[in-house]
Structure formats: structure tokens, C-alpha cells
Amino acid sequence: MRLELGRIYIKDIQFASESKIEDGVLHVSEEALRAVALKDDKIASVSFDIAKPGESVRITPVKDVIEPRVKVEGAGGVFPGVIAKVDTVGSGVTYALKGMAVVTAGKIVGFQEGIIDMTGPGADYTPFSKTLNLVMVCEPVEGAETHDYERAVRLAGFRVAAYVGELARDLEPDETQVYETCTIKEGMKKYPDLPRVAYVQMLQSQGLLHDTYVYGVDAKKIVPTIMSPTETMDGAIVSGNCVSACDKNPTYVHENNPVIEDLFEQHGKTINFVCQIITNENVYLADKQRSSDWTAKICKMLDLDGVIVSQEGFGNPDTDLIMNCKKIEAEGVKTVIITDEYAGRDGRSQSLADADIAADAVVTGGNANQVVVLPKLDKVIGTLDYVTKIAGASEDTLRADGSLEVELQVITGATNECGFNKLSAR
Amino acid sequence: MAKIKVAHYINQFFAQIGGEEKANYPAELRVGEIVGPGMALAQNLGDEAEIVGTIVCGDSYFNENLETATAEILDMVKELNPDVFVAGPAFNAGRYGVACGTIAAAVQDQLGIPAVTAMYDENPGAEMFKDKVYIVATKNSAAGMRAAMKKLAPLALKVARGEKLGASCEEGYIPNGTRVNFFEKERGSKRAVKMLLDKLAGKKFATEYPMPDFDRVDPCPPLKDLTHAKIALVTSGGIVPKGNPDHIESSSASHYGEYDITGVDDLTEEFYETAHGGYDPTYANEDADCVLPVDVMRDLEREGVIGELHHLFYSVTGNGTAVASARAFAAEFAQKLVADGVQAVILTST
Amino acid sequence: MGRTAYLIMTNNPLVVERLGDTHEVEFLETSYEGLLLAVRDKVHEGHTLLSHPLAGSVKPNETPYRSIMVSCERCDAVDARSLSLIERAIEACRKFEDKTSGYGERALKDFQLIDWTLLESGLDSADA
Amino acid sequence: MVKEIERAGLPVVHICTVTPISMTVGANRIVPAVAIPHPLGNPALSAEEEKVMRRRIVEKALEALTTEVDGQTIFDWQ
């Protein structure tokens, strides 16, 4: 599949009476945004705000982060099966608004995490301190079921991102890059001497606030399958996950999956990037076994030489990760895994909940239990009400001077297991 | 500001006294002197610090008189009253490495003076002391002196100032089991791709998180003569005298038990029980022999099947997978077993 | 696999409320760790784990609730995989500070709901 | 633990209920035990029978200690 990705760099966001993108500045009408968000009757109200890098602003509790994109040519639309009709995406032309993100925030459940600081020490850890953020904070209607409301906020975020993306449809991208993978036979002919490499992505799939959707299908109901990595770039995988802020994959990370980008960079030079394989992380152990068996089987059937496996979330996915690694290695396919660690506040506990000798090539996103003090910031978008209850925050989280003592696990994207960041540990 | 005072420890070889034939050279304090590798150390320490004295000790002298030598050297360090204690580098010299580790750990624990040392990562001293003192990783021979000092000196200054240290790969110390976060130059995905390319090409690559405890030890040769062998019992099933006199914790125990069974033929309900919290204790409390078979071993001893049942048994609590602390315990009591002339061990686990 | 094949061990009242009449549920009034220990004893008796003891990303001791599926059937031999999973889960649990005191009723209800949905996804697989 | 003992130069036999765990912790001579709460006992037996069984396990362990092994070996007594 061949996808041309046009990048349009956004330098500023401003509220305006009319929505448009002009000279790299996104002007958005709050009213229009509100109308898009409130299409769902589970959402009682929504407020919008803009947070810019370097500002003394804290956004919390964050649910999802989304990069606006628009499908300009080719089948389907962005977020297929979710807000666009089901159609295979990944070919043609897509434009992406770089340097900005739509952030959904606000309470879904009575405990909730996810902090984005736009300045200070917290900003060093979250990748979303570097983007111009259009933040939407939703409130549910009285008596809305948690499931229904979670879904409503999730979809509202995608609609708003799509609305913003649509503003770029007729623009000229600042930069264009072509991503293309080959069919099996083509690839064998074109790159007979290059190692065949795939990307195995594990998707969180366990229940409310722990779900991921592929073309709108709940990932816990899939068996492992192959995709063109360009499909992912068109929003074929979206997040419904808002627990474990530090190591869940917001939709933004799926759209900009760093493993895909970095494998494409080597594609045709040192490797033949064959495809992406997606698998899940279910609760039921027999599911874990089936999925890891299948993943290894697919690797074998594709005659792969090597794979990179990425994880998502805390605890039980360690088991999926190790099972995948062990079984794929047993098929003679060289494996590198990406994870993060929970080594305790002192860094001395066992980092993973599972281990195997086959996992001899590990990349880590760092210890999520590390404590960090976040100073009081001038403005909070969302609410601090729940901050004392967020994961990793202890009873004296909110200190006398208004600063927060928290573990990295509450910071959105801090120890991402797709290798999105530079944080690591030894 | 006053200069940081450094005390330096080296062996007889690096003090140019002699090789193996001089390894019995007793501990000696040279106040105000910089000896051998101390020159390179002083150079790398720069203007901020000065070496206030060097302690020289033969490797055999140290290892054969562990307790007295340690005490003597601690007194010398006290006299120098440094801000930091530096031992080595020991490179691949095994006894020198063990001496550096032992004395550096003792200075730190008993005198409260920060200490660092340096050696090759396969030096036995590294395995024994890497989680007790910071050990700079060096090459396996003195040819790596320059490179070693370049890392050792700044680390010594940092610990002297009480600064928070970065990750092992930044500071150059041997990973010590404490995970420390830091920012890499490349993002994780890029590092993963690079690692995969190296792995595919059969090149060396360094995992960022070594899987715990998958090293293997070759089996020891079997006992030749059972009828004269002294055999010891060890258990991870937490068997202790009734009342748990040493207060062994039921899980994640901070110490192990060593108990004398001289004259004990049978572990009865009246005198023994389990301190283990990891399983239903009913049976072990009723009859501890079902975890630690003292009764059968005594029969076999009486019948002459085995030479002797060792009069001490060792007991820890902990399940099959929680091995981290148990390892350190076992390393310690295994030495005692060897010293007591034990020839084989039966280890029972629940 | 039919419904009789598994036993649900839980400290979550919502699970009893929803499944108490139709499923085999063992309710224990205990902490997260207490529940893991009870499951470990079951594994020692030869029961096999059917769902992962660390299901979900809500950290142990952050949520007070846990529901785990084990086989009703008992084998003579202890299942090594189940044992290592439950032991590692207990170890992992001890890494996290207990934050379960001081939650309001609303938060507790939400934790119960999350635990329930995690279990539910396991039930869906078991009953499929 | 078993590795540290072996590393000190002592042949060691591991009597352990869950042999795969014994394999993972690196034991070279392994004798399977009865059950986790009573590795060398069985409350279903009479005291005499139980001791006979325990002796069989220990004898198997001694056999393991006197046997040359090449890597991890399980000595079954049942």
C-alpha cells in the first residue's frame, strides 16, 4: 500500500468567529466546535481551551490526545469504522496537522489520572507539552451510564479532531512523505537480500477504560491479524483507554506510531518492512495463549527474520509480552521488545511481572514508579479534584505550597511502550 | 572551599612492592603519599580534591586475615579521615577485587564515609559487592587504567559531595540492581530498530533491561563416597524452632535462620514450626519433617548410609520466584557450609 | 467451556450482586493482596488460574477490588504457570502503596465497576 | 539459592514440588516433591507409611548427589 502523508505545520491556535487555517495558524470557532461535540446527547456541556508549550498550564484528567488528520485522496476517511464509514484506509493522500493536538479531558470515573503540564519538570516527561493543545472538557448529562459516557467523550474527541482536520483539506502541505510497503512477492523480488521485518503491536483490550478499537472493532474480540502500517496512519486504530496514563497509547501515538516511522526510515535500506501485526492483551489466560500462538504463527508464515514487539499498559500485559517474545523467538525470528518498568519508588523491585530468557533484547521507557514533584501552575484546565486519587499519587499528593508529589505513572505518555520518548532506565 | 580529602587503597602489586611473592605484605598506611595509580587518580580528580594518604595491603594478607585486616585498614582510614574512600582499580585480579569490595563496603557501612571502587565486571568482587558500593566497570587488565580513572575520579567526587547519581550507563558504574531513569539521546523506537538491526546482523547489542536470574551454574561433580560425606539440610520452607526466635518474616525476609540440630532426631510439633507465609502451614507445623527431613537423615546417618548430617541447618522463607534476597543469603551461608567441611546439600522447597 | 467450569474469587460486592445467583462465586471480605493470597492457596490445591491476576491497568492497592477466575477442577499436580503468575502478582502488588483508604463512595463504586468490566471480559471469553 | 550453593562448589539436590520452577531457578539435580504444604509428607498416609515415603524421596536425593549429571536432570522417585 502507498500512502502520501502531507504535513501542515500549525504554529498557533486562536479562537475566532470563523474556523480556518491560514499561514499555519488555526483559527477555530468555539461555537462550531461545541456543536460538533454536543451531537451526542450523553454530553451535557463542553468547554474549550488552548494550552501552548511553555505556558503555566496543567491539563488533567486527560482522557485522549488526537492529531487532526484528513483523508484527501483514496478510500475511506480518518478513523474508519468509528466516525467514518468502514472502508480500508492506508492508500492515497492524507494530510496531518503537525505541532498540535486535540486533548479530551474531564472526569469519566471518580478516580482518574492523566496529567499534561505545559511547563516545568512535568513537561519534560510528557510528549504533549510540546504540542499546541486544543483542550475540550466535557460534562455528562445527569444519570449517564459510565460505559455510555466514556464512549460519548471518546467519539466527541474524534469528531472534533476530524472537524479541525477537515479545515486542511484544500491546503498545500508544507512537506510530503511517501510511505509504501510491498506485497509479499514484490518485496521478495525488490529486496531479496534485506531481512524481512514486521512490527507486532499489542493493544490494550480488557474492559471499560482499557479498550482499543480497530476499524471500530473492540480489540479484545479480534484474533491477531496483519495490517499495512499506513492504515494505522489513517486512524485505523484508536484508543478507548484512559487508565495507566504513562504507558497507554493515546490515539495520537497510534497515528504517529514511532516504531512504524522508524522502521519505514530503514525500509528498502537495511530492512524490508513487511507489515504490522496487531494482537491484543486480554484478561482471560486462554485468550493470551491463543493470541501469542497466532502472533508467532503469523511471523512464521510471513517468513520474517525479525520483529519489534511493543506493549501497552501495566501488569498483565507483561505476560502477553513475554509469551509473544518467547514464541516468536522459538520460531527463529529475532525479537526486540519495548516495555516500561514498575521497579518501585526506590528502583529496587522486580521491574516486570513476567520474565523469560528469550527476552534478551529489551528497550525500556523507564521506571513509572519514579517520584517527581510538579510545582503549582497558574492555570488548571479540567479539575484537580481527582488528583489526590490518581494512580501513583499518595495521600499527601497535594502539598502545602500547592505542588504535587506524584509518580511518573500519572503523567500522560511518560513511559510510553511504543518508544515514543527518550526516557529510559538502567 | 576546602579540598575534598581522598584516601586511596591499592594492593602490593600496584604499590610496586612485588607480585605473588609479596602478597603477604601487611596493611600499611602512607600518610600524605600518592602511590602508583594514585598519580592518575590525582590527575583526574583535578584541583577540587587531594589524596591525603594511601593504604597498601597484600592481597593474600587481606583475604587470609579478613577480619583483622579489615579492622586495621578501617583504623587507618579513620586516621586519614577522608571525605571519600577510593579502592583500586582491581581490573581482573580476583583477590584484589574482593579486597577492594570488602574494604570499600566496610568503610561505607562502619565509618559512614562514602566509598567507590573499580574492577572488571567479571571479577568475583564485582558480583559480591556491586549492590553494596558503586563499582566502576573497567577493562580486564591494567591497560585500561586511563579509561578507568576517567570514570572513577568523577564518581568519587560526586559521592563525596553527596550528589544524586545518574543511571549506571551514564556514570560508568556496574549495574547494581537499582533502576535509575535518565533521558537517552534517541527515542525508544529508534533504539529498538537499532537493536534489532544489530541482533539480525549477529552483532553485539546491549539490552536495556537484563532479565533477572537466568544465568546457569554448571553442576558440581557428584559425591564419590556417600558413607563418609557430611551433608547439610537447607530449606526455603521457613522451618524454625517453635516461637520463631529470630523473628524470620513470613515473606520477603530480611535475614535467614541458622539452627543447631545436634541431638535432634525428629522435628516434633512441640519444638519446630514454619515461619513461611506462602503456603498453608498446618502440615509443617504438625510435623516439620515433612519439609525438612531430619528424621530420615538421622536414620540414614545411624545406618551408615551417609557419613554425617551437618549439625546446622539453614532456613529461609520465600516462594520459588522471589529470589532476589534469597540469593544473597545463600551466597553467605554457602561459604559457611564450605568452611564447616560440608560436602553436599539437600535443599527442600515448598 | 460451560459455566460450571470456573469459580470466581472476588472481594467485589458488585460481582456478587450481578453473578451471585447464577455463578459459582466465592466472596471474601479482604484486601486486594488478601484476595491474591486466597487465590494462591487455591493454586496450591491444584486449581488452575483462568484469568490473569493483574487484569487491568488500575494499579493494585489503588483499587481495593479484584476478581479472579480459577478452574473448578483440581489437578493432582500444581500448575507451574498459574503458580508463577500468582506469585509474581503478589510480588507486584507489594510494590504499590496502599491508597485504598479515604475513597468516597462514588470512587469505590467506580472501582467496583471497573473490576466488574475486567471480569466480564474474561467471562465473555469463558462462555463464548 | 540453589545456584549460589552450587557456585560455592557444593553439589546440591533440590527437592521441589513444582519442578518447572526448580528448572527456572537453575537447579541441576532435581527431585520432585509431594505437595506445596508438605513436600516430603502426605497426611493421607499413616505415620509409618509417610516416613517410608519420605525415606524414598531422600534416598532418591542422595542418589542424585552421587550421580554425574550433564545439565538439569530430574530424578523421579514415584
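Chain letters run A, B, ... following the sequence lines, proteins first, then strands; residues in each count from 1.
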Spatial distance of atom CE (D/M1) from atom OG1 (B/T235) [nearest 0.5 Å]: 7.0 Å
Close side-chain approach of D/I15 and B/L347, heavy atoms under 4.5 Å: no
Derivation and outcome, salt bridge (Lys or Arg N to Asp or Glu O under 4.0 Å), residues D/R7 and B/D218: CA-CA 8 Å; D/R7 202 172 269 141; B/D218 288 337; over 6 Å; no
Neighbour count >12 (heavy atoms, 6.0 Å) for atom CD, B/E270: no
D/T66 portion near chain B, given a 4.5 angstrom heavy-atom threshold: both
Minimum heavy-atom distance between D/L10 and B/A334, given as atom pair plus value: CD1-O, 4.3 Å
Short N-O contact, D/R55 and B/E303, less than 4.0 angstrom: yes
D/D70 atom CG: more than 12 heavy-atom contacts under 6.0 Å: no
Side chain, backbone, both or neither of B/P221 within contact of chain D (heavy atoms, under 4.5 Å): backbone
When D/V34, D/N28, D/V2 are compared by non-hydrogen pairs under 4.5 Å with chain B, the top option: D/N28
Proximity breakdown for B/D289 and chain D, heavy-atom pairs closer than 4.5 Å: both
Most chain B-contacting option - heavy-atom pairs closer than 4.5 Å, from D/A8, D/P39, D/G41, D/P43: D/P39
When D/M53, D/E50, D/E59, D/Q72 are compared by non-hydrogen pairs under 4.5 Å with chain B, the top option: D/Q72
Winner by heavy-atom pair count (cut-off under 4.5 Å) against chain D, out of B/D280, B/V305, B/V291: B/V291
NE2-OG1 distance between D/H38 and B/T282, expressed to the nearest 0.5 angstrom: 9.5 Å
OG1-OH distance between D/T17 and B/Y279, expressed to the nearest 0.5 angstrom: 10.0 Å
Atom pair CG (D/L62) and CE (B/M297), whose distance is rounded to the nearest 0.5 Å: 5.5 Å
Steps toward side-chain contact (heavy atoms from CB on, under 4.5 Å) verdict (B/D287, D/R54): CA-CA 12 Å; B/D287 180 7; D/R54 175 151 60 244; 3.7 Å; yes
Closest non-hydrogen atom pair, D/G71 against B/P219: N-CG, 3.8 Å
Reported CG-to-NZ distance for the pair B/D266 and D/K51, which is rounded to 0.5 angstrom: 6.5 Å
Rounded distance (nearest 0.5 Å) linking atom CG of D/L40 with atom CG of B/D295: 9.5 Å
